[in-house]
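A short write-up of the structure that comes next.
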Amino acid sequence: MNTPTLSAPRRFIWGRALSIARKEIRHLSRDLFTLSMALGVPVFLVIFFGYVLDYDVKRVKLLVVDQDQTRVSRELADIFASADYFTPLALRPGETPLGSLEEGRAKAVLFIEPGFARDMAKGQSSNAQIVIDGADNQTTSVIASYLAGFKTPPFGGFFQRRVFRPCLRTRFLFNPELNSRWFVVTGLFVVVTGIVSVLLTALTVAREWETGSMELLLSTPVQPMEIIVGKLAPYMGLCLVAVGLIYGAARIGFGIPFNGNHGTFLLACFLFLTCTLAQGLLISVLTRQQQLAMQFSNLTGLLPATLLSGFVFPVESMPVFFRSFTALLPARWFVVACRGIFLKGAGVTDLAVPLGVMAVIGTVLVFLAVKKFKKDLEP
Amino acid sequence: MTSLSIEVTDVYKKLGPNQALAGVTLCLEEGGLYGVIGPDGAGKTTLLRTIMGLFHPDEGRVAFRIENKAASFDQARPLIAYMPQQQSLYPDLSIKEHLEFFRDLYQISDDVYTARRQRLLRLTRLEKFEDRPAGQLSGGMYKKLGLMCALLQTPSALLLDEPTNGVDPISRREFWDLLYELRGEGILILMATAYMDEAERCGEVHLMEAGRIWTYGPPRTILEKEKARDFAELFVRRAEGSQGK
């Protein structure tokens, strides 16, 4: 039995890593499909999702049924009408309030019962109720939360002057209007760069195996670490350009505020991209087939980034198992970092945990990709 | 040039269900021009890949000697150039870009590179096509580019896996002229080929079948011993013989 002895020095030589990087850049510069996928798709997705994924419910059709017909009751109805959130409707002849909900003409009904003003003047509890169409539970909960908001200033005056004392005061920091677009677009950074970057590198090593160039590469003195670094670097540059474009779209297109430090943001992007690009390379190194690599990267890139990163579903409300599992996902930490930097102006020290975890995951993934890199053609 | 000799002793290698190598022994001395001849599936590529460290033998060993002293594979590897059988160049990179890529991989200094590149381009007569992408080269030019990439370093041994497969007769002759010139410089050349007529051009041939070398020696000697006109006849006769059994 003889396995070749591996005694000769295996030094990392920058020149060789650089030659791999230069070759990748040459491939990239001629590959319009990949380039447009890397740069165009993220921007398109951010604009698309940014507009479509709007959790804000505005201009809710509110049927106002004022059976009191006093100044006070009209004042209450006007409060709802004056906000952008509701569009008041009047009852049509022959229509019942519940009928309009069933037909879908209204999403909510405000009933002001007779004697509302009188009871209020006496300091008794006065009856007005809101009936909400519960079929769409996303909208329902948003409307319910608006109603809670109506008890607080600037509308709260109405209630304070009169009967109820608001027992709950909620003030939303950083995103006072709870503008969901700010929330969505900062989260989209993660999903979009995550998906695209994993896919980009997932194909590179697998392609070399499929086209046969790996056999030639393996017969040269180039070391796995040099190949990995040489392949990471150009895609890192490309992805950072994509991040820059998304940043532009977020700031200009959606008017997202940026309260943080650009250096911190760049560091967070760098660490996150190291994780995802290395994840792609690891997939590529393990599968050695483009088709398989593509499926794996979709599975491991898309699903965690969308479902488990906290982008759509809050991590806090996940079952314990999944909540602990998300700690292993760079996407989850990048969501925290992105939102922190954009909206809260968080600095490196505030983000020590997310940045630190991403650095560790990135290092482990690069190490694994190098370790699993096959240096022979054994099946 | 650093002298290198390779000794393959009783190597077995199973790939999936196939016994690709079934006890191959081969002694390659410095400066020799060796041919491994055999039909498709005889195990030629597996043999070359095993020497190149791309496959690890199940049994047996591959040993290297540098300047007549035993050396490890890692010490010998930088001295061996290899040209795989399958298309392994990058179709979108031009000849010039390939040469630059391999210059950097082998860490060749600029002056040495300039001189060697000139010489290789002249030898292969590819000067005019430097900017043409590999994907647009003819079969012969493609093979020559592969050879150029392998020869950019100064190897002591050159392993060629069916280098003239799919190449027109004129380009094949040119390719052989190139090999003779290299042999003149003392490079050990081992080439695998399925072209029987190429066997006669080698200094020593090893005839391979079903993972075994069934005979070897200088081409003329083998033909005289087997009483065959040429190697094609020899292989056909052998194939018919085994069918008859």
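Every chain is numbered from 1, with letters handed out A, B, ... down the list of sequences. Just so it is clear, the model here is predicted, and its values are computed rather than measured.
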Quiz item: B:Q86, B:M83, B:E97, B:R49: which one forms the most heavy-atom pairs within less than 4.5 Å of chain A?
Solution: B:E97
Exercise. Please list, in residue-number order, every residue in residues 123-161 of chain B that has a heavy atom less than 4.5 Å from any heavy atom of chain A; write 'none' if there are none.
Key: none
Quiz item: So, do A:H262 and A:Y247 have ring centers that fall under 6.0 Å from each other?
Solution: yes
Quiz item: Side chain, backbone, both or neither: which part of A:R26 has a heavy atom under 4.5 Å from chain B?
Solution: both
Self-check item: Inter-chain contacts: residues 3-19 of chain B against chain A, heavy atoms under 4.5 Å
Solution: B:K13, B:L15
Quiz prompt | A:T220, part contacting chain B, at a heavy-atom distance under 4.5 Å | solution = both
Quiz prompt | Spacing of OG1 belonging to A:T300 relative to CD1 belonging to A:I283, to within rounding of 0.5 Å | solution = 3.5 Å
Quiz prompt | Among the listed options B:R103, B:Q107, B:H98, the residue most often paired with chain A at heavy-atom distances under 4.5 Å | solution = B:Q107
Quiz item: Given a strict heavy-atom distance threshold of 4.5 Å, which part of A:E226 is in contact with chain B: side chain, backbone, both, or neither?
Solution: neither
Quiz prompt | Least distance between heavy atoms, B:C202 atom then B:Y34 atom | solution = SG-C, 4.2 Å
Quiz item: Tell me, side chain or backbone of A:L18 under 4.5 Å from chain B's heavy atoms, or both, or neither?
Solution: neither
Practice problem: Decide salt bridge (charged side-chain N to carboxylate O under 4.0 Å, His left out) for B:E198 and B:R172; before the verdict, give the C-alpha distance in whole Å, the side-chain angles of both, and the deciding distance to 0.1 Å. | Solution: CA-CA 10 Å; B:E198 290 189 332; B:R172 264 170 76 187; 3.3 Å; yes
